[in-house]
**Q** 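The structure is given below, and queries will be raised subsequently.
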Protein chains: 2
Amino acid sequence: MTSNHKTLKKQDRSSSIGRPIGMLHRLWQVYMDRALAPLGIGSGQIPILMFLLRNDGVNQVDIVRHLRADKSSIARTIRRLVEEDYIKRRPCTEDARAYRIVVTAKGRAIEGRVHAVLDSWSEAVTQDLAAGERELLVRMLEAMILQAHDLVRCRPEDDCADEEVEA
Amino acid sequence: MTSNHKTLKKQDRSSSIGRPIGMLHRLWQVYMDRALAPLGIGSGQIPILMFLLRNDGVNQVDIVRHLRADKSSIARTIRRLVEEDYIKRRPCTEDARAYRIVVTAKGRAIEGRVHAVLDSWSEAVTQDLAAGERELLVRMLEAMILQAHDLVRCRPEDDCADEEVEA
DNA sequence: AGTTATTAGTTGCATTTACAACTTTATTAT
DNA sequence: ATAATAAAGTTGTAAATGCAACTAATAACT
């Protein structure tokens, strides 16, 4: 235990919201990658797969909107999911440019496992929060995402306002 | 305005903590990269630079511990910061393996700019939160990081417990 | 109908970041 | 003092992602 941590200050962690969030995200990725390694699926594919499990048959743009990601990232991640046979792409009859992305049996088969891993993370990291704080946290994060999206992907009349509902 | 978002459900956003955090982090990166482009510095370099501005002369391991990142990432990011002349490495006299990382004048010169950008992000995304919620949020995030770190980088007697202080 | 603008996806390229294996130097234990 | 360990950094490799530029197809406009 040598090293010169004597002049390290406890500061620069109070203000910025970005730093702790980035840290949590990276730790989440590591956790997910380890837990999902036996399934041959990586952390980056999880959001798409989970979305598709609830919204089978959507196209890539729908995924882009929901995940607020870049379409090229989505395209590549979908390719990986297809390669691993978790999802399948079939031409969209109404629009020759688009595809309908559907989950395969193999994809459905791991839903439980993935959900369990996601939940174990959420449970573990929030175990120190007081009663009700976790729900508040989720609400705050969603509110922040809306602001962040407006700030970063500020398109005039963007339809990212979470349409749908179905059921 | 065609597209088939009719069967999209509003679900799968309630539970998981990982998804919204990842989303915020990516949006943060985009925001920072855009705002900092004129400075020739990227979002990945910010945490290290900000840490060094408060803790000049530490070595890479100190940075690794503070940022809870991988040492190879830190090594490469430091190389970039050196290439852009924001920081400098000088051999550590007490330990021939290590370096002391110090911020250059150019690095100090942009501190205000960077801080302003960081703050504008934090301010913008939390603008909808109620009074005091932002502080609560930061506290929750820090508590979650501790749990996450234990979960992912669980080393027996890890000294990541934020030593230092040096008021 | 014909031209223009938009939209769905893809590809090249760059950044951020983790893991494993390796080098060099310092520590511990014998 | 030696040998075995551990620690500080580096490098190869790969995943996750964003941006810009491109193709193909649909929608809009005249």
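Numbers restart at 1 for each chain; the letters A, B, ... are given by sequence-line order, proteins then strands.
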**Q** For the pair made of CG in A:N59 and P in C:dT6, what is the distance, rounded to whole Å?
**A** 19 Å

**Q** Is the phosphate of D:dG9 approached by B:R100 (side-chain N or O, under 4.0 Å from OP1 or OP2)?
**A**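 So the side-chain polar atoms of B:R100 never come under 4.0 Å of the phosphate oxygens OP1 or OP2 of D:dG9.
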
**Q** Using a heavy-atom cut-off of 4.0 Å across all strands, would you classify B:S43 as base, sugar-phosphate, or nothing?
**A** sugar-phosphate

**Q** Starting from P on D:dA15, measure out to CE on A:M32 and report it in whole angstrom.
**A** 17 Å

**Q** In whole angstroms, how far is the P atom of D:dT17 from the CD1 atom of A:I46?
**A** 11 Å

**Q** Among C:dG9, C:dT16, C:dA18, which nucleotide sits nearest the side chain of A:V30?
**A** C:dA18

**Q** Ion pair present between B:R54 and B:E111, side-chain N to carboxylate O less than 4.0 angstrom?
**A** no

**Q** From the options D:dA8, C:dT10, C:dA18, select the nucleotide whose nearest atom is closest to the side chain of B:R153.
**A** C:dA18

**Q** Rounding to a whole Å, what distance do you find between B:I63:CD1 and D:dT10:C1'?
**A**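 To the nearest whole Å, that distance equals 15 Å.
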
**Q** Considering all heavy atoms of both residues, which atom of B:G18 and which atom of A:W28 are nearest to each other, and what is their separation?
**A**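 Of all heavy-atom pairs spanning B:G18 and A:W28, the closest is CA-NE1, 3.6 Å.
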
**Q** Checking A:Q127 now: which residues fulfil side chain to side chain donor-acceptor pair (under 3.5 Å) with it, not counting sequence neighbours?
**A** B:Q147

**Q** In whole angstroms, how far is the C1' atom of C:dT17 from the CE atom of A:M23?
**A**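 From A:M23 CE to C:dT17 C1': 15 Å.
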
**Q** When the nearest nucleotide of DNA chain C is assigned to B:V152 and to B:A96 on a heavy-atom basis, which residue is associated with the more 5' position?
**A** B:V152

**Q** If you round to the nearest 0.5 Å, how far is OG1 of A:T104 from CD1 of A:I87?
**A** 8.5 Å

**Q** Quick one: B:E83 CD to C:dT16 C1', roughly how many Å, whole number?
**A** 15 Å

**Q** Name the closest nucleotide to the A:R97 side chain, picking from D:dG9, D:dA16, D:dT26.
**A** D:dT26

**Q** Among the candidates D:dA8, C:dT10, D:dA25, find the nucleotide nearest to the side-chain atoms of B:D95.
**A** D:dA8

**Q** Could you write out each protein N or O paired with an N or O of nucleotides 11-14 of chain D at a distance under 3.5 Å?
**A**
from	atom 1	to	atom 2	distance (Å)
D:dG12	N7	B:R76	NH1	3.4
D:dG12	O6	B:R76	NH2	2.2
D:dT13	O4	B:R76	NH2	3.3

**Q** Run the salt bridge (Lys or Arg N to Asp or Glu O under 4.0 Å) test against A:R89 and tell me which residues pass, sequence neighbours left out.
**A**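 Partners of A:R89 by the salt bridge (Lys or Arg N to Asp or Glu O under 4.0 Å) criterion come out as none, since no residue qualifies.
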
**Q** Respond yes when some side-chain nitrogen or oxygen of A:Q60 is under 4.0 Å from OP1 or OP2 of C:dT7, and no when none is.
**A** no

**Q** Return no unless some side-chain N or O of A:R26 is found under 4.0 Å from OP1 or OP2 of C:dA18.
**A**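 Result: yes.
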
**Q** Starting from the 5' end of DNA chain D, give me the residue, B:R34 or A:G42, whose nearest nucleotide shows up first.
**A** A:G42

**Q** Rounded to the nearest Å, what distance is computed from the CZ atom of residue B:R19 to the P atom of nucleotide D:dA16?
**A** 18 Å

**Q** For A:Q45 and D:dA16, what is the distance between atoms CD and C1' respectively, to the nearest whole Å?
**A**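 These atoms are roughly 10 Å apart.
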
**Q** Listed by chain and number, what are the side chain to side chain donor-acceptor pair (under 3.5 Å) partners of A:R113, not counting sequence neighbours?
**A**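 In terms of side chain to side chain donor-acceptor pair (under 3.5 Å), with neighbours along the sequence ignored, A:R113 is linked to no residue.
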
**Q** Could you work out, with salt bridge (Lys or Arg N to Asp or Glu O under 4.0 Å) as the rule, every residue matching B:D95, not counting sequence neighbours?
**A**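 Partners of B:D95 under the salt bridge (Lys or Arg N to Asp or Glu O under 4.0 Å) test: B:R97.
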
**Q** Would you please name every residue forming a salt bridge (Lys or Arg N to Asp or Glu O under 4.0 Å) with B:R34, sequence neighbours left out?
**A**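 Per chain and number, B:R34 pairs via salt bridge (Lys or Arg N to Asp or Glu O under 4.0 Å) with no residue.
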
